Amino acid sequence: MLGLGVDRLQADINRLLTSLFHQGVLDEQFLQLQQLQDDTSPTFVYDVINIYFDESDKLLRNLRLSLMDREFSDYKKIGLHLNQLVGSSSSIGARRVRNLCVAFRSASELNNRPGCLRGLEVVEHEYHYLKNMMHELFHLEQQRLLAAGVRYPM
Amino acid sequence: MVCEMEIEDMDVEVLSSMWPDDVGTETDKQFNVEKPAGDQDTLKEVTITEKPAIADLKRLSELMDSTHQGSSQLTNLVKQWEYMQDHAVMLLRDELKSLSRQREEAEAKELEIIEEHNFESNGHENVLVLDDKSDFLRSSSFRERKRSQVFDSEKIEVDEVYDTVGYWKQKALRLEKLLEASRERERRLIEKLNESLKTMESHAAPVEELTQNLRRAEGFLHFILQNAPIVMGHQDKDLRYLFIYNKFPSLREQDILGKTDVEIFDGAGVKESQEFKKEVLEKGMASKREITFETELFGSKTFLIYVEPVYNKLGEKIGINYMGMEVTDQVRKREKMGKLREHNAVRNAMETELNKTIHITEETMRAKQMLATMSHEIRSPLSGVVGMAEILSTTRLDQEQRQLLNVMISSGDLVLQLINDILDLSKVESGVMKLEATKFRPREVVKHVLQTAAASLKKSLTLEGNIADDVPIEVVGDVLRIRQILTNLISNAIKFTHKGKVGIKLEVISEPFFTSENMNDNKPTTPKQILSNEEQNGDPETTVWICCDVYDTGIGIPENAIPCLFKKYMQASADHARKYGGTGLGLAICKQLKVELMGGRLTVTSRVNEGSTFTFILPYKVATPNDHSDDQDEFSDMSDHQHIAEDTTHGYFQFQPLLRSLYSSSEGPVTGQNFLTHNVTQSSCIKLNGFASDLSHALPSTNIAQSEAISSCSFESAHKYPNGESLYKEYESCSSSQASNEGGALVMESEPAVSSRRQEIDPHETTSERCEESSKPDSKPKILLVEDNRINIMVSQSMMKQLGYPIDIATNGVEAIRALQRSNYDLVLMDVCMPVLDGLKATRLIRSYEESGNWEAAIEEGVDLDTPSSETLQNREVCVCSTKRLPIVAMTANTLSESSEECYANGMDSFISKPVTLQKLRECLEQYLC
């Protein structure tokens with residue numbers, strides 16, 4: 001309330017980010033994203049990531065639906081979806097999701113259905129992990145912003 | 001005596017420099033020569049001349065005889081001599097021992113020979129002779145025993161050997177020779193013995209020993225004392241010098257001996273030393289003391305003096321021994337040290353003091369910060385409360401509720417004001433408050449302030465504004481602060497004025513005297529600084545000093561209260577505080593914080609019961625009136641331009657008290673919409689007592705008719721203007737801020753103080769936004785981004801924005817081609833992998849269009865092009881044809897299907913690998929756009 005926890009929150013954020021970088025969940029592209037955030041677009045990162053999750057949710061849902069279908073054969077469609085996912089994941093710097101998607105895609109190129117199913121499994125797992133972490137990060141960020149919003153007339 | 005003479009002789013020979021040897025004429029010369037030229041440490045006195053020397057020595061020997069010290073020294077010497085003698089005796093004994101050992105050996109040999117040869121008679125005699133000569137150290141028993149042995153063996157041998165005489169003779173002769181040799185040896189030994197005895201005798205003379213010792217002692221003393229900066233002396237019971245030693249004498253001996261200190265020289269310290277010596281003499285205890293002398297003889301010097309009493313053998317005091325050493329330098333150093341230590345202590349004390357102060361200051365700062373933060377935190381919810389209350393007041397309420405609500409709103413207002421004051425104060429104190437330089441019209445500011453004040457006026461006061469003709473129409477300054485000051489002063493004036501008038505007068509004055517002072521002070525802001533913003537704009541503007549009087553006919557301020565008037569949280573008196581309320585912050589903020597921050601000055605003149613005048617003088621820049629930029633001032637949006645033309649030159653306003661009520665107006669055709677615009681009700685509860693008469697003066701009687709019917713202690717009066725305009729319409733015109741001057745009375749905006757204050761806080765934002773919008777550049781290259789992924793679009797778009805390029809977006813190849821049809825681009829960033837039409841194909845189509853000038857290839861591919869009307873199509877063709885080859889940069893994800901060769905093969909100029917980074921984009925743009 002009085003803006004006393006700003007430093008602690010910032011430290012938490014940094015710690016979280018560091019660990020994500022260490023695990024390879026994120027890469028330097030995420031920093032690019034952060035650089036793009038300035039006074040004119042103070043919530044840029046948040047917005048982009050949110051859209052990413054929206055889109056990716058849809059994509060993953062489609063992928064799952066397609067693969068669950070027994071008479072499924074449209075691997076090209078899966079490839080397109082995965083291209084999207086790879087592109088946007090690499091754009092936001094979600095390295096692990098991207099790498100797993102690439103693997104998934106190569107399975108789909110080989111029309112390898114079990115490989116695709118496993119790929120989807122892994123991608124979904126990783127994707128949800130990323131989502132949780134991002135959620136955590138934005139939660140901290142929000143708190144920090146609230147705390148930092150307290151202005152001292154100094 | 002003989003000994004002594006000898007000693008003296010010795011002295012003369014060896015130790016000439018210690019005791020003045022060749023007395024008389026030579027002495028002076030010697031001393032003069034010996035005196036080292038550069039040695040400033042020279043001690044005083046001394047010298048012993050010929051006669052004194054002799055006499056001295058006599059006395060000395062007398063002293064030696066008569067005093068304890070003397071006798072003990074002699075005793076020592078004697079003892080030492082005795083030791084020496086003992087030592088010599090020991091040595092001699094050793095020698096004797098070795099000699100006797102030699103003799104024993106010789107004897108043993110002799111016996112052997114005798115045994116061997118059974119020599120009888122001769123042997124006897126020889127042995128006897130030998131015995132005779134050496135008997136005195138030989139134990140007789142030993143000898144007897146030997147002899148008896150010899151005799152025994154002789155007898156036996158005699159018995160046995162008795163054959164050939166010739167042989168025996170020969171043997172006897174040889175033995176005799178041996179005997180001879182042995183005798184000779186013995187004789188020599190005896191001689192040696194005698195000799196050593198003789199030398200022993202000569203050594204034994206005690207006098208010589210003593211002399212030598214003495215000489216050694218003196219040599220030692222001489223060696224040590226040669227260069228010692230020491231004065232030594234002996235003084236008798238009357239403290240007359242009997243003897244003195246001084247390495248660097250400055251007085252002749254006859255000046256000293258037989259005299260006392262006091263007789264020799266005078267000055268500070270001499271008496272003291274004399275006393276000290278006496279004291280020692282009386283007490284009989286040796287002691288030390290430091291005495292500083294200040295004499296003509298050797299200037300200012302400090303001596304460490306040691307004095308001990310001297311007793312004779314009977315235990316009577318006969319004088320003192322005295323030793324002095326110069327310690328001036330040391331004393332000086334010591335004093336310096338002392339001073340330094342003192343300084344240090346003072347410093348330390350100061351430091352701790354300062355630390356304490358710093359600590360306190362920090363605490364205060366923290367407290368202030370806390371206060372500010374708290375205030376800030378309180379303000380936001382509070383304004384919510386007040387705002388809601390205001391909205392609530394526009395709803396249908398019964399009278400009691402309304403009254404309660406009014407109290408609530410005004411209390412909330414009060415708290416808000418208080419918090420704002422605190423925030424302002426802490427802002428100014430911490431130097432955060434920034435001054436802004438904006439153009440504004442002083443007349444309008446004055447008018448507006450008066451309007452606002454009049455709107456909340458609950459008394460029958462006349463508010464007037466009077467602006468001199470020479471005041472510029474527009475000036476540059478921090479209008480917010482100036483308004484705040486004016487509002488503050490006016491509300492103060494109104495608070496303390498019960499009847500009469502309150503007014504503002506503006507006039508231009510010449511540069512006041514205090515500016516030069518101000519420049520010298522380290523004030524954070526001088527007029528120059530404030531207005532530096534404007535100066536940077538390069539407008540040639542002149543500074544004008546405007547003096548603003550805020551006068552009233554109120555209760556006035558007693559003279560003794562004026563000094564503390566501008567202090568924080570202070571009011572003229574405790575009575576006033578109780579009676580009128582308030583925090584006492586307003587004037588402090590006005591003066592110290594705002595006026596002086598802007599480089600002006602706030603003063604006050606007042607007479608009790610007649611009124612006060614607050615005057616503040618501020619510098620402004622004169623703005624050029626022909627400038628019609630958007631952000632002219634904060635009031636421009638409130639006023640119609642036509643009205644401005646009238647108002648700008650108007651120099652006089654007057655506001656009569658207007659008493660209105662919202663209730664009456666709400667009975668009129670007020671719609672919900674209108675409620676919102678004037679959601680604020682002007683509380684118009686007026687104390688009846690003492691007011692009715694004023695009202696009747698001020699208002700037409702028709703108005704009162706309406707108001708009379710209300711409750712006993714308060715009434716609401718609805719007021720209509722004589723010209724018949726309905727109140728509702730007035731409100732409307734007020735809110736649009738068109739101040740009409742009809743009928744000498746001005747219609748006022750009915751916004752209450754709260755909301756107007758909020759307005760004051762906000763304009764920063766609106767102006768800054770405006771600036772941004774206006775500063776958009778136009779001649780930027782046009783870039784088209786072709787990308788299907790929303791995320792990528794967002795990221796790239798944002799990057800381009802940061803690089804300063806606006807971009808258009810197409811989400812697939814077909815859209816890209818349509819966009820190119822429609823408009824002319826300088827660069828295309830093309831994603832390779834896209835639905836509908838991928839980047840490679842799109843590029844191929846674009847290139848074919850560039851070659852052929854038509855989109856037939858695209859149409860063949862099945863691209864559903866816009867079917868543009870003929871004229872636009874023509875335009876397109878013209879502009880496209882005029883362009884050179886359009887740079888197309890691929891954006892690839894570096895997968896197998898998106899190899900760079902493929903990109904080039906399809907007519908792309910370059911490629912950026914994904915993910916796109918700022919750096920890559922920048923390089924690409926530099927390559928194709930510069």
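Quick note on labels: first sequence line is chain A, next is B, and so on, each numbered from 1. These figures come from a predicted structure and were not determined experimentally. Computation of the quantities below employed the complete heavy-atom set of this structure, encompassing side-chain atoms and omitting hydrogens, waters and symmetry-equivalent molecules.
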Do the side-chain N and O atoms of [X] and [Y] include a donor-acceptor pair separated by under 3.5 angstrom?
X        : Y        : value
A:Ser89  : A:Tyr127 : no
A:Tyr129 : A:Gln23  : yes
A:Asn132 : A:Glu136 : no

Chain B contact via [X] - side chain, backbone, both or neither, heavy atoms under 4.5 Å:
X       : result
A:Asp38 : side chain
A:Glu28 : neither
A:Gln84 : both
A:Leu33 : side chain

Q: With a 4.5 Å cut-off on heavy-atom pairs, point out which of A:Ser91, A:Ser56, A:Gly93 contacts chain B the most.
A: A:Ser91

Q) What residue, out of A:Leu31, A:Val48, A:Asp54, A:Asp27, has the most heavy-atom pairs lying under 4.5 Å from chain B? A) A:Val48

Q.
So that I can tick it off, tell me whether A:Arg98 and A:Glu126 are bridged by a salt bridge, with the cut-off set at under 4.0 angstrom between side-chain N and carboxylate O.
A. no

Q) Of all of B:Lys801, B:Gln919, B:Gln802, B:Glu787, which one pairs up most often with chain A through heavy atoms under 4.5 Å apart? A) B:Gln802

**Q.** B:Val795, part contacting chain A, at a heavy-atom distance under 4.5 Å
**A.** both

Q) Where is the tightest heavy-atom contact between A:Gly87 and B:Asn792, given as atom of each residue plus distance? A) O-OD1, 3.3 Å

Q) Of the non-hydrogen atoms in A:Pro114 and A:Asn112, which two are nearest, and what is the gap between them? A) CD-OD1, 3.1 Å

